[in-house]
Structure formats: structure tokens, C-alpha cells
2 protein chains.
Amino acid sequence: MSDLRPTGTGTDLDPWLATYAERASGLAASEVRALFAVASRPEVVSLAGGMPYVRAIPRELVAGAIDRMLLTDAPAALQYGSGQGLPRLREHIVEVMAEEGIAASPDDVVTTTGSQQAIDLVTKLFIDPGDVILAEGPSYVGALGVFKSYQARVVHLPMDADGLVPEVLEAAILEQRSLGRTVKFLYTIPTFHNPAGTTLSAERRPRIVETCRRLGVLIVEDNPYGLLWFDEAPPKPLQTLNPEGVVYLGSFSKTFAPGFRVGWAVAPHAIREKLVLATESAILSPSSFNHHLISEYLETVDWRAQISRFRDVYRERRDAMLAALGRYLPNLTWNEPNGGFYVWVGLPEELHSKQMLPRAVRELVAYTPGTGFYADGSGGREMRLSFCYPTPADIEVGIQRLATVVNGELELVRAFAGTVSLAPRRDDRAVGAPPPDLR
Amino acid sequence: MSDLRPTGTGTDLDPWLATYAERASGLAASEVRALFAVASRPEVVSLAGGMPYVRAIPRELVAGAIDRMLLTDAPAALQYGSGQGLPRLREHIVEVMAEEGIAASPDDVVTTTGSQQAIDLVTKLFIDPGDVILAEGPSYVGALGVFKSYQARVVHLPMDADGLVPEVLEAAILEQRSLGRTVKFLYTIPTFHNPAGTTLSAERRPRIVETCRRLGVLIVEDNPYGLLWFDEAPPKPLQTLNPEGVVYLGSFSKTFAPGFRVGWAVAPHAIREKLVLATESAILSPSSFNHHLISEYLETVDWRAQISRFRDVYRERRDAMLAALGRYLPNLTWNEPNGGFYVWVGLPEELHSKQMLPRAVRELVAYTPGTGFYADGSGGREMRLSFCYPTPADIEVGIQRLATVVNGELELVRAFAGTVSLAPRRDDRAVGAPPPDLR
């Protein structure tokens with residue numbers, strides 16, 4: 001072990017292979033990210049990404065905020081800032097959270113480079129290799145990647161139409177403990193879940209919070225979509241029920257724009273202090289420029305009206321997607337989200353979402369296979385369809401193409417029933433099919 | 001271990017205390033960051049921080065670049081981007097690095113949230129708890145914080161006026177290996193060192209690189225200041241001597257502005273791929289807005305002329321500082337940096353830079369005690385003086401005040417020689433002196 005001279009192993013060309021940390025083996029390309037390259041070709045209707053429709057922001061709102069900001073704040077905006085984030089911005093974040101019923105002080109807020117960094121910091125702070133993180137199954141692919149990179153053991157909890165089931169949560173905690181494992185936190189997206197589209201019911205929220213409180217399990221509540229409801233406002237965040245037991249994550253990526261990479265965490269005092277140290281260690285300080293810019297935007301622009309515009313845009317697209325699914329794919333199952341970006345679709349059992357993807361790309365439609373949303377690679381009978389980015393007309397075209405793909409696959413599978421397995425077919429491999437093993 | 005119900009221990013009020021990861025114990029507030037609050041009071045002349053003088057950038061240069069960028073790139077600038085960074089920006093980064101003699105391809109570049117994030121990612125990628133990182137003594141405080149947060153063992157290598165000594169480096173590697181320890185990389189700032197101000201000589205550079213190559217130790221070369229030379233250009237970066245053995249870190253924080261938090265790493269192919277995955281895991285993607293903005297700036301503004309303006313500003317300030325030290329503090333020792341932001345000062349052995357700081361703040365001058373720049377808390381006889389931010393006139397006032405502090409301390413210590421130890425004095429404690437132990 002003391003001689004790490006890089007030597008080729010014959011199986012790998014990386015001379016530094018022997019020197020990586022153990023955790024580096026957990027780094028793998030996310031299936032969603034890999035799709036970006038394909039889905040960005042203009043002829044493809046992408047129902048895959050989670051990109052907000054930023055063209056719904058009038059450009060002059062942003063330009064105006066920048067001009068005003070530069071007049072008064074340029075030197076500070078160009079300089080290093082506070083690791084915790086610009087105090088003025090943290091005051092505005094408190095106002096934004098008040099829209100959802102959260103009562104917090106600017107001191108409780110730690111800004112991050114998108115809420116992704118908050119997930120990374122919380123995981124760095126709490127997870128020793130082998131520790132258990134409980135998460136919905138499916139769960140956010142970007143969080144699962146972080147958990148893996150810190151060598152956590154992810155235990156998925158199934159959901160029903162009302163989200164997490166309190167009894168299932170309690171049983172899972174007790175079971176993991178009976179196996180001698182350390183349960184560090186519950187990672188949950190209770191509102192407009194990514195990818196499942198579900199919302200934890202008002203009735204279950206206090207029961208989930210109480211179960212965690214009683215059993216001493218921290219809750220990490222990820223809530224990027226909460227303000228983007230379509231029909232009626234969702235129940236209040238879990239954080240409001242027990243601020244001392246919840247690390248709450250918020251973001252401007254969906255209510256303003258992801259290009260600034262500004263998110264935040266609200267955490268109990270002691271955890272918040274450690275999060276500040278952790279982010280200072282990771283990036284010194286966030287982008288002052290972006291903090292000043294967003295502060296100016298929130299002070300001088302009617303941001304509530306902008307969020308309302310976003311709601312209208314996404315409501316129309318959700319409606320388009322549900323209508324198209326009903327029209328073209330009545331043989332599948334799906335849920336009807338009341339907010340957020342996603343519809344979660346169940347496939348007939350003969351199909352596999354990851355194996356079908358190359359055929360879909362040939363038909364110029366992209367989606368996200370369910371497999372990326374489970375730590376164990378299950379989810380082959382599920383897929384995530386995003387309605388956030390394409391226009392309603394494109395959504396209709398995309399679903400129509402998807403129907404061609406699904407029905408074509410079904411015909412093929414049924415024609416060869418008994419002789420054709422679920423392994424990829426020759427044609428699929430030709431356009432870059434996934435490996436035959438299904439993880 | 002399986003029951004993590006939060007319970008107070010009686011010594012700490014944090015109910016989650018028992019649940020943190022082991023690495024969380026390495027998170028501690030940096031002495032430099034803690035100084036920011038004090039040093040930002042307007043009546044204090046701060047020779048403490050490393051803030052570039054961003055007022056030297058004409059505001060209209062930035063405003064113009066933003067206006068042009070928003071006209072053409074607004075939708076992309078507001079959207080999520082590539083994890084590796086905007087291709088157009090990576091092309092410009094290659095041009096910037098060519099100024100220092102580096103030949104790289106945009107594919108080799110991974111952008112980061114300031115080069116601080118690059119330090120974090122490299123450390124995450126390579127360091128298992130207990131692994132050895134070699135670093136100059138003193139070294140950059142922000143890097144030492146990261147190393148500690150991943151439970152690395154930092155071994156400091158002394159420098160002389162020409163920087164690292166190749167024989168000392170080789171002996172240290174061999175000694176660590178003989179102790180059964182794994183040496184993962186050498187972290188070095190060969191040019192205009194922070195905090196030491198020294199530059200590794202041209203003669204030693206190939207010897208350092210060759211020693212690491214021969215012994216199979218990766219080099220992490222941190223070079224934020226290389227373009228900010230005053231008298232003559234420094235020798236070429238280590239990266240140019242062995243691109244396969246060096247992870248090179250660059251930054252726009254000193255040559256443009258830190259408020260955008262854009263830095264980068266150039267790494268051998270296999271390491272670069274892992275760095276991309278690591279940054280996607282940590283933050284999904286960097287700020288598209290800032291990438292588009294900096295690209296526009298580099299394309300349409302004479303950035304070489306701006307760097308030249310920075311050189312003139314900092315050269316004048318360095319000269320002011322060296323002249324003032326000669327005039328007011330001839331009893332101290334210091335080096336004469338040819339670039340960068342810092343002068344490293346040696347104190348008479350009766351003094352302790354950390355213990356003296358409260359008195360300095362009372363005299364309205366701030367500096368950074370040497371203790372922050374060593375993993376083991378040594379450095380009490382040293383201090384870092386920054387000439388980057390205050391005006392030449394303020395630098396003179398600051399050094400004059402520092403002379404009052406130093407000479408006052410010396411008088412006191414010498415008057416009580418034999419009866420007064422180096423423990424903090426009563427007056428110091430009253431304004432918040434460090435604890436009696438010198439860490």
C-alpha cells in the first residue's frame with residue numbers, strides 16, 4: 001500500500017487508477033445527464049430533461065435588474081462574498097419561503113450552488129460509508145448520485161398516490177436498525193415529486209414528521225417545485241411541522257432560472273453552522289454577482305406574478321400531456337400531478353424503459369427511463385415524462401411518437417413471444433443501446 | 001450504533017451531535033474567514049484578506065459584456081448547462097492558459113465554482129482518511145481546510161527563497177512510505193505563493209516534476225496568480241513539463257473578478273473524466289449565466305490590457321508595502337514578491353502573530369497570523385500581509401500602525417522578560433484573544 005507508483009493494470013489505461021479514493025468508485029455518469037446530448041438535437045422532442053421553460057421570463061426583467069444592480073452594487077457584486085450568502089438575498093429567501101408557510105430567519109438560511117450542492121453538503125456532513133439513507137422509490141437521480149459518491153446505502157420506500165406511507169417508513173427504520181445499520185436521514189420530496197409527480201397528503205405529513213422525530217431520524221426535505229402548483233396550493237412543507245428535525249432545501253432554479261445556480265438550505269442552528277463551514281470549504285463563497293442580481297430582481301420585479309406566469313405555462317403543458325397520453329397511449333398507466341414538471345408512467349410488463357430508449361430516439365422522442373431513479377437499477381417498467389420544456393404542440397407530437405415506439409415494441413415482443421427475451425435487439429445496439437445486463 | 005435517537009450529551013446542545021459523519025469533525029472556521037468581519041469595518045486598514053482590487057475593472061466593460069450577452073444568449077444563459085462547463089468558455093480558458101505557455105485542448109478543461117471547488121473535487125477523488133498530502137509549509141489556508149475535511153494527513157515541506165527543495169520533497173515521500181503511509185499528491189503553489197510570496201525557480205521546476213514522476217506522486221498545481229507578475233514573467237507552470245502527471249488549477253478570480261466564482265482544472269484524461277462526474281454530483285452544472293458573461297467579456301474586451309492594469313495596480317502596492325516595511329519595521333524580516341498578493345513576514349521570536357492580533361485590531365490594522373497556514377498550527381512567528389486591496393496610502397498607514405503594535409508588544413515583552421510568558425495578556429482577552437493554546 002505504501003508504493004503507489006502508477007502502473008497500468010493491463011485492463012485500464014489510467015496510470016492513476018490505483019490512487020483514487022474508495023469513494024471515487026461511486027462516481028458514475030447519470031443516465032439523465034447522458035441523455036442531454038441526444039435530446040438537445042432540435043429534431044428530437046425531449047420529454048426527458050428537467051429544464052424549466054426560461055423563455056417564460058421576459059428578458060427585460062432580467063436585463064433591467066442587472067442594469068440597476070450594476071449602478072449601485074458593482075464593486076460588491078464582483079468581489080468575494082459571505083460563505084453563507086449575501087444577507088440581503090437571505091432576507092428575500094425568507095420572504096419566498098413565507099409563500100409556502102415557512103417561518104424562518106435569514107440567519108437560518110445557507111445559500112448553495114443550486115440545491116444540488118445542499119444535497120452534497122448534507123450528505124458529506126452526515127454520511128459515513130455504509131450509513132443508510134431512506135428515500136422514496138423512485139427518487140431524484142441527482143440525489144442518488146451524491147449518496148453513492150459518499151458510499152451511502154440507499155433504502156427505497158414505496159409510495160402510493162398519497163406519497164410516503166408512515167407505517168412503511170417506521171417499519172423500514174426499525175428493520176434497518178435490527179440489521180445493525182445506522183439510519184442517518186430520510187431524503188424526501190413531499191411535493192410534486194421528482195420523478196413520481198405525487199404529493200404527500202396533508203393527513204400524512206404530521207405522521208411522517210412525528211415518526212422521524214420519535215425515532216430520531218433527521219428529515220432532508222427537498223422542495224424545488226412547491227410554488228409551481230396548478231390547481232390548488234399543496235399542504236405546507238414538513239419543515240413547518242418540526243423545524244428542529246428538518247433540513248429544508250429550496251431553489252431559484254424553477255421559480256426564476258437555473259443558470260444562476262442559487263439554492264439554499266434552512267437547517268436547525270447547529271447543523272446550519274456546520275453547513276456554512278462545509279460550503280466555505282467547498283467553494284469559499286457563492287457567486288456575489290448572482291446574489292446581488294437575484295436580490296435586485298426580487299426587490300424590483302413582481303416575482304409573484306412571474307411565478308404565476310410559470311404556473312400557467314406548466315399547467316397548460318401538463319394538460320396537453322395528460323390529454324395526449326389519454327388519446328395515444330391508453331394502454332399505459334400514469335398519474336395526474338397537481339404541480340411540478342413530471343408525469344410518471346407505468347409500462348406494460350413486456351417492455352423495458354431503458355431498452356426501449358434507443359428506438360424512441362430513432363423516432364425522435366426522448367424520455368427518462370425509470371432505472372435512473374432507483375439506487376438498485378430497478379424501474380425498467382417505468383419512465384419519467386417531463387412537460388416543463390416542450391410546447392403543448394410538441395408534447396402532443398412527442399407522445400404520438402412515443403405511442404409508435406411503445407406499440408411497435410409491444411407488437412415485436414408479442415410476435416416473438418416465448419422466443420425473444422428482454423435482451424436488447426440488434427437494431428437497438430446499433431444506435432447505442434444500454435448494456436445487456438439490467439443492473 | 002443502531003439507535004441514533006438524538007440526545008444531548010450535556011456538553012453540547014446539538015441534538016444531532018451523534019449523527020454527524022466522522023469527517024465532519026474536520027470542519028472548522030478558517031482564521032482568515034473569521035477575520036473578514038473585523039477587517040471589513042471601514043476604519044480598519046486590512047492587510048489580511050486576499051480580495052482583488054475589482055475597482056480596477058472599468059464598470060462599463062462588465063456592463064457592456066452583459067448587455068451584448070443578453071441580446072444573443074439569454075435563454076441559454078438562464079438555463080442549466082454542461083457539467084464540464086460551456087464549450088465556448090473552455091476555448092477561451094485555453095487561450096488564457098496559453099499566455100503562460102500551457103498547451104491544452106478545451107476537452108481537457110473542467111470548470112469549477114472558483115478553483116476552491118477544484119481543490120475540493122480533487123481531494124474528494126483521491127483522499128481516503130489517513131492518506132498523505134504533501135504541501136508547502138506554509139500553504140493556502142483554504143486548501144488545508146479541504147484536506148482536513150476529507151481527513152487527509154498534511155505533511156508540510158519547508159521552502160527557501162527559491163521555493164520547494166527537490167531533495168526535501170524526495171526525502172519526505174520516501175519517509176512517509178517507510179512509515180507505511182500512502183502519499184496521494186503534492187499540492188503546490190509554485191508561482192507567487194499564497195501566503196509565502198515565493199516562486200519556485202526555473203532550475204528547480206523540472207527537478208520537482210521529475211521527482212514526482214519517478215516516485216509516482218501526482219502534482220496538484222494551484223496557479224491563480226501566475227499572470228499577475230510585476231518585474232518579469234515567472235517560469236512556465238509545472239503542468240507544461242509533464243501534463244500527464246499534473247492536475248493544474250486556474251481561476252478568473254484574480255485576473256477578472258471573484259464574484260463570478262469561475263475557476264477550472266486541467267487534468268490528464270482519466271482524471272478529468274472523474275472530475276466532471278464529481279462536479280456534476282456536487283452542483284449538477286456551473287452557472288451558465290456567468291459562463292456566457294465571461295465568454296462575452298473575453299471575446300469583446302481587451303482582457304490582456306485589463307490584466308496589465310491589474311499588474312500596474314498591484315506592483316505599485318507591493319512597492320508601497322516594501323517601502324513602508326523598510327521605513328517602519330526594519331526589525332522584521334520579509335521577502336520581496338515578484339507577483340501575486342502577499343508579503344510573508346517573520347517576527348522577532350518574542351512575538352506571536354496570533355496573540356498579537358487583538359492589539360493590532362485595536363490599533364485599526366489587520367493581518368493574517370501565520371498559524372492559519374500550517375496544518376499543525378505552527379507559524380506563530382510569521383504573518384501574511386496582503387497588498388492587493390488597500391491603496392498605497394492606506395498600506396503606508398497600515399504598516400505604520402503595525403509598527404506601533406509590534407514595537408509596543410516588544411517593549412512589553414522585554415520589560416517583563418522572564419516574568420511574562422507567551423500566554424495571552426488580560427487586555428488581549430478582553431477583545432477576544434485566541435485560547436491560550438497556540439493552535
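Chain naming here is simple, since letters A, B, ... match the order of the sequence lines and numbering starts at 1 in each.
Chain B forms the most heavy-atom pairs under 4.5 Å with one residue out of A/Gly245, A/Ala278, A/Ala282, A/Pro129, and that residue is A/Ala282. Among B/Val54, B/Ile283, B/Asp120, the residue with the largest count of heavy-atom pairs under 4.5 Å with chain A is B/Ile283. Between chain B and the residues A/Val146, A/Leu125, A/Ile119, the largest count of heavy-atom pairs under 4.5 Å involves A/Leu125. Counting heavy-atom pairs closer than 4.5 Å to chain A, the top residue among B/Lys274, B/Glu244, B/His292, B/His291 is B/Lys274. The candidate from B/Gln117, B/Arg23, B/Glu273 with the greatest count of non-hydrogen atom pairs under 4.5 Å with chain A is B/Arg23. The greatest number of non-hydrogen atom pairs below 4.5 Å with chain A, out of B/Ile173, B/Leu179, B/Leu70, B/Asp131, is found for B/Leu70. Of the residues considered (A/Gly145, A/Ala257, A/Pro258, A/Ser288), A/Pro258 shows the highest number of contacts with chain B, using heavy-atom pairs under 4.5 Å. Listed options B/Ala118, B/Gly263, B/Gly114, B/Pro286 were ranked by heavy-atom pairs under 4.5 angstrom with chain A; first place goes to B/Pro286. Interface summary for chain B: among A/Leu218, A/Val262, A/Val62, the most heavy-atom pairs under 4.5 angstrom belong to A/Leu218.
Side chain of A/Gln306 to backbone of A/Ala56: a donor-acceptor contact under 3.5 angstrom is found. At distances below 3.5 Å, not a single donor-acceptor pair connects side-chain atoms of B/Gln176 with backbone N or O atoms of B/Val132. Between the side chain of B/Lys184 and the backbone N or O of B/Phe126 there is at least one donor-acceptor pair closer than 3.5 Å. Counting only distance, with no hydrogens or angles, the side chain of B/Ser46 and the backbone of B/Ala48 share a donor-acceptor pair below 3.5 Å.
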**Request:** May I have the step-by-step check of side chain to side chain contact (heavy atoms under 4.5 Å, CB included) for B/Ser253 and B/Arg261, ending in yes or no?
**Result:** CA-CA 7 Å; B/Ser253 291; B/Arg261 309 307 297 124; 3.4 Å; yes
**Prompt:** What's the verdict on side chain to side chain contact (heavy atoms under 4.5 Å, CB included) for B/Leu275 and B/Val122, showing C-alpha distance, side-chain angles and the deciding distance?
**Reply:** CA-CA 7 Å; B/Leu275 286 175; B/Val122 170; 4.0 Å; yes
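Interface remark: B/Ala77 contributes backbone atoms only to the contact with chain A (heavy atom separation under 4.5 Å). At a 4.5 Å heavy-atom cutoff, the contact between B/Asp128 and chain A is made by backbone and side-chain atoms alike. Heavy atoms of A/Ile66 lying under 4.5 Å from chain B belong exclusively to its side chain. The contact between B/Leu293 and chain A is made entirely by side chain atoms (from C-beta outward), counting heavy-atom distances below 4.5 Å. The part of B/Thr123 that comes within reach of chain A is its backbone (N, CA, C, O), which places non-hydrogen atoms under 4.5 angstrom from that chain. Only the side chain of B/Tyr389 comes within less than 4.5 Å of a heavy atom in chain A; its backbone stays farther off. Neither the backbone nor the side chain of A/Ser115 has a heavy atom closer than 4.5 Å to any heavy atom of chain B.
Shortest non-hydrogen contact noted between A/Pro52 and B/Tyr80 is CD-CE1, 3.7 Å.
For A/Tyr140, the ring-ring contact (aromatic ring centres under 6.0 Å, His included) criterion is met by no residue, not counting sequence neighbours.
Taking the six-membered ring where the residue is Trp, the centroids of B/Phe252 and B/Phe260 are separated by 6.0 Å or more.
Each side-chain hydrogen bond (donor to acceptor under 3.5 Å, both in side chains) pair with one or both residues in residues 48-67 of chain A, not counting sequence neighbours, would appear here, but there are none.
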